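Notes follow once the structure below has been shown.
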There are 2 protein chains.
Amino acid sequence: MLTIGQLAAYAGVTVRAVRHYHQIGLLPEPERDASGYRRYGAAAVVSLIRIRTLANAGVPLSQIGRLLDADAATFAEAVRKIDRDLREEIERLETSREQIAQLTAGDSLALPPEVVSYLDRLREIGTSERVVEGERDGWILVAAGWPDRIHEFMPGKIAQLDDPRVVRLYRVLSDIFDSDVRDDPRLEEAADLMACLAEQAYAYGAINLGEEAYDDLPHDLLDALALEADPRLVRLQDLMRERGWAGWNRMERLPESPA
Amino acid sequence: MLTIGQLAAYAGVTVRAVRHYHQIGLLPEPERDASGYRRYGAAAVVSLIRIRTLANAGVPLSQIGRLLDADAATFAEAVRKIDRDLREEIERLETSREQIAQLTAGDSLALPPEVVSYLDRLREIGTSERVVEGERDGWILVAAGWPDRIHEFMPGKIAQLDDPRVVRLYRVLSDIFDSDVRDDPRLEEAADLMACLAEQAYAYGAINLGEEAYDDLPHDLLDALALEADPRLVRLQDLMRERGWAGWNRMERLPESPA
DNA sequence: GCTTGACCTTGACGCTACGTCAACCCTCCA
DNA sequence: TGGAGGGTTGACGTAGCGTCAAGGTCAAGC
């Protein structure tokens, strides 16, 4: 007669595993000797080896019991199902591997490559890290909610960076938000630039077009994100309203009012 | 301000997952409103999306916190390690798939193919299912403990089945163990056959040879297995001893005694 | 003002396949 | 006779949430 340790050693498993199989009813509890020790016969070794063979093949313990005394057809069917599960799991992990291969560093996290190069170009034209991070977070929201449509936006955004007024705008914004001045006079200049750009876009019809096409974007979420990032943006929003523009991520021309 | 449900919906995760991230400190708990509800800003959506991006890529939650604000070098190193882990896991599952592909049906469980064909040949020569199962269990023990050496045994065992005396032996044993007779007279015939075969093997030197080479086999375990399977084998063992042979799986010639 | 349904709260157990104490008992060997 | 090295049960820990349970809250329609 064998002790639990000897049984485990013969089958190449741990004592704990054997007790676990007892607990879940996979291996029947053997007789105890006078001192309460479990005592096993040679047949238990065979049972245990058969269990381990299936377990090593990736069969969940909950199914091994049924499988061990199933007919050939049932067995084959179960084996097919387990193989399917394994294939799916492997595919999930392969996908994970591809995903992490994309994650080289900070920016690329949750962002498609064209946005990453847009952010890089922002840095090149002298945009401060704070402002770039703000842009990044905004694009993360867009990329998460509208992964397909982001490809429509980016070419235009990247092209904008060739406009010297846009470059100037980002530099001014960088200066403003890198300082701690509460009512920065440079906010006026920024507002002027933005109004000017909005005017142009409106003339080209880009804004009306956008209004319809991008109606489902989470503009309020993007607005909230910006305002959370820096309260001075509230002031900038006011200045824009003075110039006849409302909204933040989506510009709207206000009805003319007696100023 | 967003409720937890809205936050979760924006990021494409479950409410439970968000609460879990709070619990493990991955996502900071937000302020509560008057009624105790959690209220989130837009920045929380960005944080949550960044977390999910890493989690979807297979990064364990316990590491995501460190990773989100790590420098590029640390990040790259961590990504490499995670990729290694994923590769290992995939390889383990691939191995599992290969294993279950082998497990077509009953016998092949835990047995190499040559043993399976040996068992099939046993059936062909008219061996009963009970005896075949006994043989199978014995070979499972041998295959588990000495997976390499089993290739040394099998050719000889398969060749033995061409000997009409061996065929006769298995048929007699099948008859005996399929019946319920306690002191079956056919046990005598079985003993005669076994003694005869042992004598021949001894003459060819197969037994002495085996004695040294297979000294490390678990003969006592194999003996125990047989005796557990059917108590009538004890009687057969006695009969063999009368004929000058001891042991069961490994025969030994007894010293001649005045009988 | 009341109901109803959808949403929020905390707390707790469940899942897989065991690993790892803790606290204690039993056996064997020098 | 004592110590090493077995064995016993019981309980918690792992990863990442799912899924009740037992309530409190909110918004809408009557």
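All heavy atoms count here, side chains included; hydrogens, waters and symmetry mates do not. What you are looking at is a predicted structure, and each value in this text was computed from that prediction instead of being measured. Chain A is the first sequence line, chain B the second, and so forth, proteins listed ahead of strands; every chain is numbered from 1.
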Establish, from distance only, whether the side-chain atoms of A/Arg136 and A/Tyr118 form a donor-acceptor pair under 3.5 Å. no
Length of the line joining A/Asp85:CG and C/dT16:P, which is rounded to integer Å: 13 Å
Identify which nucleotide among C/dC18, C/dT10, C/dA12 has an atom closest to any side-chain atom of A/Arg52, counting heavy atoms from C-beta outward. C/dC18
How would you label the contact of B/Ile24 with the nucleic acid (heavy atoms, under 4.0 Å): base, sugar-phosphate, or nothing? nothing
Residues passing the side-chain contact (heavy atoms from CB on, under 4.5 Å) test with A/Glu77, sequence neighbours excluded, are A/Arg80
Starting from the C-alpha separation in whole Å, work towards a yes-or-no answer on salt bridge (Lys or Arg N to Asp or Glu O under 4.0 Å) for B/Glu152 and B/Arg149. CA-CA 5 Å; B/Glu152 304 168 18; B/Arg149 317 210 35 197; 3.7 Å; yes
How long is the line joining CD1 of A/Ile64 and P of C/dA17, in whole Å? 8 Å
Relative orientation of the end axes in the helix from C/dG1-D/dC30 to C/dA30-D/dT1, expressed as an angle to the nearest 10° (five pairs per end): 30°
State, yes or no, whether a side-chain contact exists between A/Glu31 and A/Met1 at a heavy-atom distance under 4.5 Å. no
With sequence neighbours excluded, what pairs up with A/Tyr37 under the side-chain contact (heavy atoms from CB on, under 4.5 Å) test? A/Asp33, A/Ser35, A/Arg39
Nearest-nucleotide check on DNA chain C, A/Ala17 vs B/Gln6; residue mapping nearer the 5' end is B/Gln6
Measuring only between side-chain heavy atoms, which start at C-beta, is A/Trp139 closer than 4.5 Å to A/Met154? yes
Partners passing side-chain contact (heavy atoms from CB on, under 4.5 Å) against B/Gln99 (at least two apart in sequence or in another chain): A/Ala57, B/Thr95
Separation of A/Asn56 atom CG from C/dC18 atom C1', in whole Å? 14 Å
C/dA12, C/dT27, C/dC18: which one has an atom nearest the side-chain heavy atoms of A/Ser35? C/dT27
C/dC18 phosphate, OP1 or OP2, under 4.0 Å from A/Thr14 side-chain N/O: no
Rounded to the nearest angstrom, tell me the gap between atom CG in A/Leu86 and atom C1' in C/dT16. 15 Å
How close or far is atom C1' of C/dA17 from atom CZ of B/Arg92, stated in whole angstroms? 11 Å
Looking at every strand, decide which applies to A/Arg32 at a 4.0 Å heavy-atom threshold: base, sugar-phosphate, or nothing. sugar-phosphate
Residue set satisfying salt bridge (Lys or Arg N to Asp or Glu O under 4.0 Å) with B/Arg241, at least two apart, ordered chain then number -> B/Asp238
Under 4.0 Å from OP1 or OP2 of C/dT9: is there any side-chain N or O of B/Arg38 that close? yes
Within the 4.5 Å heavy-atom criterion, are B/Phe177 and B/Leu233 side-chain neighbours or not? yes
Please check if any side-chain donor atom of A/Thr74 sits under 3.5 Å from a side-chain acceptor atom of A/Asp71, or the reverse. yes
Nt span of DNA chain D in reach of chain A heavy atoms at under 4.0 Å, 5' end first, is D/dG6 to D/dA11
Tell me whether the OP1 or OP2 atom of C/dC7 has a side-chain N or O from B/Thr3 closer than 4.0 Å. no
Between CZ of B/Arg16 and P of C/dT10 the distance, given in whole Å, is 11 Å
From CD1 of A/Ile4 across to P of C/dC18 the rounded distance in Å is 13 Å
Spacing between A/Tyr37 atom OH and C/dC25 atom P, to the nearest angstrom: 12 Å
